[in-house]
Colleague: 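Handing you a structure now.
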Amino acid sequence: MSLSPLSSPSNPEKVADEAFLRGLPKTELHLHLEGSLEPELMFELAKRNQVTLPYDTVEDVKSAYNFTNLQSFLDIYYKCADVLRTEQDFFDLTYAYLKQCSIEGVVHVEPFFDPQTHTDRGIDIGIVFNGITKALEQGREEFGISYGLILCFLRHLSEEAAFDTLEQAKPYLDHIIGVGLDSSELGHPPEKFERVFKAARDLGLRAVAHAGEEGPTSYIENALERLKIERIDHGVQCTQSEQLMQEIADKQIPLTVCPQSNIRLKVYEKMEQHPILELLEKGLKVMVNSDDPAFFGGYVLQNYLSLAQALNMTREQAAQLAYNSISSSFCGEERMRTMIEELNGYLATA
Ligand code: ADE
Ligand code: ZN
């Protein structure tokens with residue numbers, strides 16, 4: 001597919017400010033819907049569904065979000081998801097996320113959801129699909145945000161459980177564009193899911209996977225080779241291998257990077273150490289995402305802003321990141337052209 005090149009913004013060397021970043025048309029390709037559950041909505045749903053939370057107040061919840069690594073986050077994250085029970089709950093969760101997107105210049109989303117987190121609690125997969133899909137449709141009509149939904153397999157569970165989930169999802173295949181792989185990375189290499197990814201691809205689904213968030217470069221290599229993924233979620237550990245970085249750059253394999261997540265989960269001590277702009281300058285197709293914004297202190301705009309503040313990200317770099325977010329999406333050629341036109345139109349006036 002040949003796309004219009006990115007236009008240059010005026011004052012390309014200027015550090016990007018909030019107004020510029022907010023107006024920048026962008027997509028979000030790495031967002032866990034369960035990770036957008038704000039404490040306020042969590043309490044509301046707990047009350048609605050008579051679920052007892054291990055916290056008394058919103059402040060209590062926020063002070064528990066003090067993570068030391070990925071697993072320490074996941075332990076809390078799966079507990080919080082227990083308040084999600086009905087189709088209305090999944091609708092409210094998804095709609096709240098889209099509403100936030102609409103005020104941050106996000107024009108297209110490809111969110112993840114983890115059906116096993118819910119089906120393992122006895123919730124029918126249809127409830128999850130219907131609530132999410134209805135909200136995505138409403139978001140498209142109300143905010144003009146296009147979408148493609150991605151079903152993630154939980155990698156700490158078995159291959160058999162992933163196959164079972166794919167089977168349960170079969171009546172809803174037209175609701176999803178692809179499959180992904182998330183949860184505890186270390187000790188759960190991608191090859192564990194080689195066969196279920198093949199089955200999903202044979203059904204016409206696209207494939208992405210978390211790889212190289214905390215895990216070694218071999219997980220990135222095997223996700224590419226054995227799961228045949230089209231995008232790498234996180235992938236920041238590729239900096240450990242010059243050869244792998246070169247390959248990712250040469251093949252223009254997108255990396256859905258999540259800067260604030262990496263700081264909150266202690267992949268890097270501080271944002272000043274984050275390699276995203278170095279990767280961008282080396283020609284890797286990186287972009288900015290929020291991962292689990294309700295847990296990591298901000299949505300996609302906040303992630304862009306943190307890069308401007310900590311790394312002096314310029315308007316030109318921000319525009320390239322937004323362009324990458326659009327050109328790496330699974331939205332189809334026509335929508336992609338429209339979004340790039342919109343981005344270039346914005347840069348001509350901003
Ligand atoms: N599930 C939700 N957020 C995740 C992350 N950052 N890594 C792996 N699995 C996740
Ligand atoms: Zn993630």
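Order of appearance sets the numbers: ligands from 1, and atoms from 1 within every ligand. Note: hydrogens, waters and symmetry copies are ignored here, and every other heavy atom, side chains too, is used.
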Colleague: Taking both backbone and side chain into account, is any N, O or S atom of Cys258 nearer than 2.8 Å to the Zn ion (ligand 2)?
Modeller: no
Colleague: State whether the number of non-hydrogen atoms from other residues, nucleotides or ligands found under 6.0 Å of Lys47 atom NZ is greater than 12.
Modeller: no
Colleague: Check this for me: Glu272, atom CD, are more than 12 non-hydrogen atoms of other residues, nucleotides or ligands nearer than 6.0 Å?
Modeller: yes
Colleague: Please step through ring-ring contact (aromatic ring centres under 6.0 Å, His included) for the pair Phe129 and Phe113, ending with a clear verdict.
Modeller: CA-CA 9 Å; Phe129 266 116; Phe113 75 116; 5.2 Å; yes
Colleague: In Asp291, the N, O or S atom nearest to the Zn ion (ligand 2) is which?
Modeller: OD1
Colleague: We want to know whether Glu28 and Ser290 form a side-chain donor-acceptor pair, criterion being a heavy-atom distance below 3.5 angstrom.
Modeller: yes
Colleague: Flag Asp182 as yes if one of its N/O/S atoms falls below 2.8 Å of the Zn ion (ligand 2), otherwise no.
Modeller: no
Colleague: So Phe73 and Phe295, would you call those rings parallel, tilted or perpendicular, with 30° and 60° as cut-offs?
Modeller: perpendicular
Colleague: Identify all N/O pairs between ligand 1 and the protein with a separation under 3.5 Å and present them as a table of atom names and distances.
Modeller:
from	atom 1	to	atom 2	distance (Å)
ligand 1	3 (N)	His32	NE2	3.4
ligand 1	3 (N)	Asp292	OD1	3.4
ligand 1	3 (N)	Asp292	OD2	2.6
ligand 1	6 (N)	Glu213	OE2	2.9
ligand 1	6 (N)	Asp291	OD2	2.7
ligand 1	7 (N)	Glu213	OE1	2.7
ligand 1	7 (N)	Glu213	OE2	3.4
ligand 1	9 (N)	Ser183	N	2.8

Colleague: Does Arg315 reach the main-chain N or O of Leu347 with its side chain, forming a donor-acceptor pair under 3.5 Å?
Modeller: no
Colleague: Quick one: which of His210, Arg155, His32, His30 gives a side chain to side chain donor-acceptor pair (under 3.5 Å) with Asp182?
Modeller: His32
Colleague: For the Zn ion (ligand 2), does an N/O/S atom of His210 lie at less than 2.8 Å?
Modeller: yes
Colleague: Please verify the inter-ring angle class for His188 with His156; under 30° counts as parallel, over 60° as perpendicular, anything in between as tilted.
Modeller: perpendicular
